[in-house]
Trainee: 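One structure follows; several queries about it will come next.
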Amino acid sequence: MNADANSEIGRLVIFSGPSGVGKTTVLAEIFKRCQRPLMMSVSATTRPQRAGETAGVSYHYLSDQEFKQRIENDAFLEFTEVFGRGHWYGTLKETVQAGLTEGKWVILEIDVEGAQKVLKHHPDAITIFVHPGSAEELERRLRGRGTESETELQRRLEVAQRELDMAKLYEHIVINQSVEQTATDICQILESVE
Ligand code: 5GP
């Protein structure tokens, strides 16, 4: 299908929030209840696959070399090294364009830095930030998840603090106190947008 900008009929939705805030769980709930043709954009990453994740669904897992090749081929809408430790993440242009052309509401679950880059090309994107309420609450949830080492956890908390400071750049900020309520609030936002 031709993927020029004029054929775009879907919407782009940027969905951010610090690691551990519960974005993945909230997104799963939104997909169940929202009356919009939602589609997740599957990002590429060089970070290792976690238990419970599925290649091609959670992420496209690439080697450093494969990721570099895609940068050279201009395959990314945006890419960034999210936690400053050599793990790269990127949004694939082709995935996004294919979804928009099909009329999908394409959800990018990306960090604040990536969001700023995407907004330069798609200023009309809907931006939603999922907030934990406080930094202390986030630490409690991240520890509860138990998927990171202490060093990795500290790094994520540092990044999270910077992300929380940038929440004000988003059009919608939703505090995640209960998954159901947060999903309902976000559905309302999506369903009220023209
Ligand atoms: P995780 O390693 O926990 O799956 O994701 C870590 C962070 O990377 C999350 O904040 C997530 O939003 C962000 N992320 C995932 N994919 C992308 C992407 O394609 N681009 C950018 N900029 N950030 C991403």
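Ligands are counted one by one from 1 in listed order, and the atoms in each one are counted from 1 as well. Please read all numbers here as calculations on a predicted model, not as lab measurements.
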Trainee: Heavy-atom distances under 4.0 Å decide this one: backbone, side chain, both or neither, for Thr80 against ligand 1?
Mentor: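 Side chain only.
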Trainee: Which residue holds the protein heavy atom closest to atom 22 (N) of ligand 1, what is that atom called, and what is the gap in Å?
Mentor: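 The protein heavy atom lying closest is Asp111 OD1, 2.7 Å.
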Trainee: Please state which protein non-hydrogen atom is closest to atom 6 (C) of ligand 1 and give its distance, to 0.1 Å?
Mentor: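 The answer is Phe83 CE1, 3.4 Å.
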Trainee: For ligand 1, indicate whether the residue Gln116 contacts it via side chain, backbone, both or neither (heavy-atom separation under 4.0 Å).
Mentor: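 It is neither; nothing of Gln116 touches ligand 1.
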Trainee: Please check if Met40 and Val130 belong to a single hydrophobic cluster, counting links between Ile, Leu, Val, Met, Phe, Trp and Tyr side chain heavy atoms closer than 4.5 Å.
Mentor: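 Per the 4.5 Å side-chain linkage, Met40 and Val130 are co-clustered.
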Trainee: Report yes or no: do Leu190 and Leu27 belong to one cluster of Ile/Leu/Val/Met/Phe/Trp/Tyr joined by side chain heavy-atom distances under 4.5 Å?
Mentor: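 Result: yes, single cluster for both.
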Trainee: Just going by heavy-atom distances, which of Tyr89, Phe76, Trp88, Tyr59 is nearest to atom 17 (C) of ligand 1?
Mentor: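 Looking at heavy atoms only, the winner is Tyr89.
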Trainee: Please say whether Ala44 places an N or O atom under 3.5 Å from an N or O atom belonging to ligand 1.
Mentor: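 Checking ligand 1 against Ala44, no N or O pair falls under 3.5 Å apart.
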Trainee: Answer yes or no: does an N/O atom from Lys23 fall short of 3.5 Å to an N/O atom of ligand 1?
Mentor: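 N/O-N/O distance below 3.5 Å exists for this pair.
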Trainee: Check Val82 against ligand 1 and report side chain, backbone, both or neither, counting heavy atoms closer than 4.0 Å.
Mentor: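 Val82 to ligand 1: side-chain contact only, backbone stays beyond 4.0 Å.
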Trainee: Is a donor from one side chain sitting under 3.5 angstrom from an acceptor on the other, for Gln177 and Gln181?
Mentor: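 On atom types as modelled, these side chains do not qualify, holding no pair under 3.5 Å.
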Trainee: Does even one non-hydrogen atom of Arg156 get within less than 4.0 Å of ligand 1?
Mentor: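 Distance cut 4.0 Å: Arg156 passes for ligand 1.
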Trainee: My understanding is that only one of Thr46, Ile110, Asp111, Val82 makes a side chain to side chain contact (heavy atoms under 4.5 Å, CB included) with Tyr89; could you say which?
Mentor: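 With Tyr89 as partner, Thr46, Ile110, Asp111, Val82 yield a single side chain to side chain contact (heavy atoms under 4.5 Å, CB included), made by Val82.
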Trainee: In terms of atom number and element, which parts of ligand 1 are under 4.0 angstrom from non-hydrogen atoms of Arg47?
Mentor: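 Counting from 1, the qualifying ligand atoms are 1 (P), 2 (O), 4 (O).
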Trainee: Suppose I only count heavy atoms of Arg50 and a 4.0 Å limit; which atoms of ligand 1 are within that range?
Mentor: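 What qualifies from ligand 1 is 1 (P), 2 (O), 3 (O).
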Trainee: Working to the nearest 0.5 Å, report the span between CD of Glu113 and CD of Glu163.
Mentor: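 It is 9.0 Å, given to the nearest 0.5 Å.
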Trainee: Backbone, side chain, both or neither: what part of His87 comes under 4.0 angstrom of ligand 1, heavy atoms only?
Mentor: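 Neither part.
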Trainee: Checking Glu152 now: which residues fulfil side chain to side chain donor-acceptor pair (under 3.5 Å) with it, not counting sequence neighbours?
Mentor: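 Glu152: side chain to side chain donor-acceptor pair (under 3.5 Å) contacts with Arg85, Arg156.
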Trainee: Determine, considering heavy atoms only, which of Ser43, Ser16, Ser41 sits nearest to atom 19 (O) of ligand 1.
Mentor: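 Heavy atom nearest to atom 19 (O) of ligand 1 belongs to Ser43.
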Trainee: Is there side-chain contact between Cys34 and Leu38, with heavy atoms separated by less than 4.5 Å?
Mentor: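 Side chain of Cys34 against side chain of Leu38, heavy atoms only: contact under 4.5 Å found.
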Trainee: Is there a path of hydrophobic side-chain contacts, each under 4.5 Å between heavy atoms of I/L/V/M/F/W/Y residues, joining Phe129 to Val26?
Mentor: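 Shared cluster, no.
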Trainee: Taking non-hydrogen atoms only, is Glu78 closer than 4.0 angstrom to ligand 1 via side chain, backbone, both or neither?
Mentor: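 Side chain only.
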Trainee: According to a 4.5 Å side-chain heavy-atom criterion applied to Ile, Leu, Val, Met, Phe, Trp and Tyr, with indirect links allowed, do Val21 and Met166 form part of one hydrophobic cluster?
Mentor: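 No: no chain of side-chain contacts under 4.5 Å links Val21 to Met166.
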Trainee: How close does the nearest protein non-hydrogen atom get to atom 14 (N) of ligand 1, and which residue and atom is it?
Mentor: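 Of every protein heavy atom, Glu109 O, 3.6 Å lies nearest to atom 14 (N) of ligand 1.
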Trainee: Which is it for Leu92 and Leu77 under the side chain to side chain contact (heavy atoms under 4.5 Å, CB included) test, yes or no, and what are the steps along the way?
Mentor: CA-CA 6 Å; Leu92 292 157; Leu77 180 57; over 6 Å; no
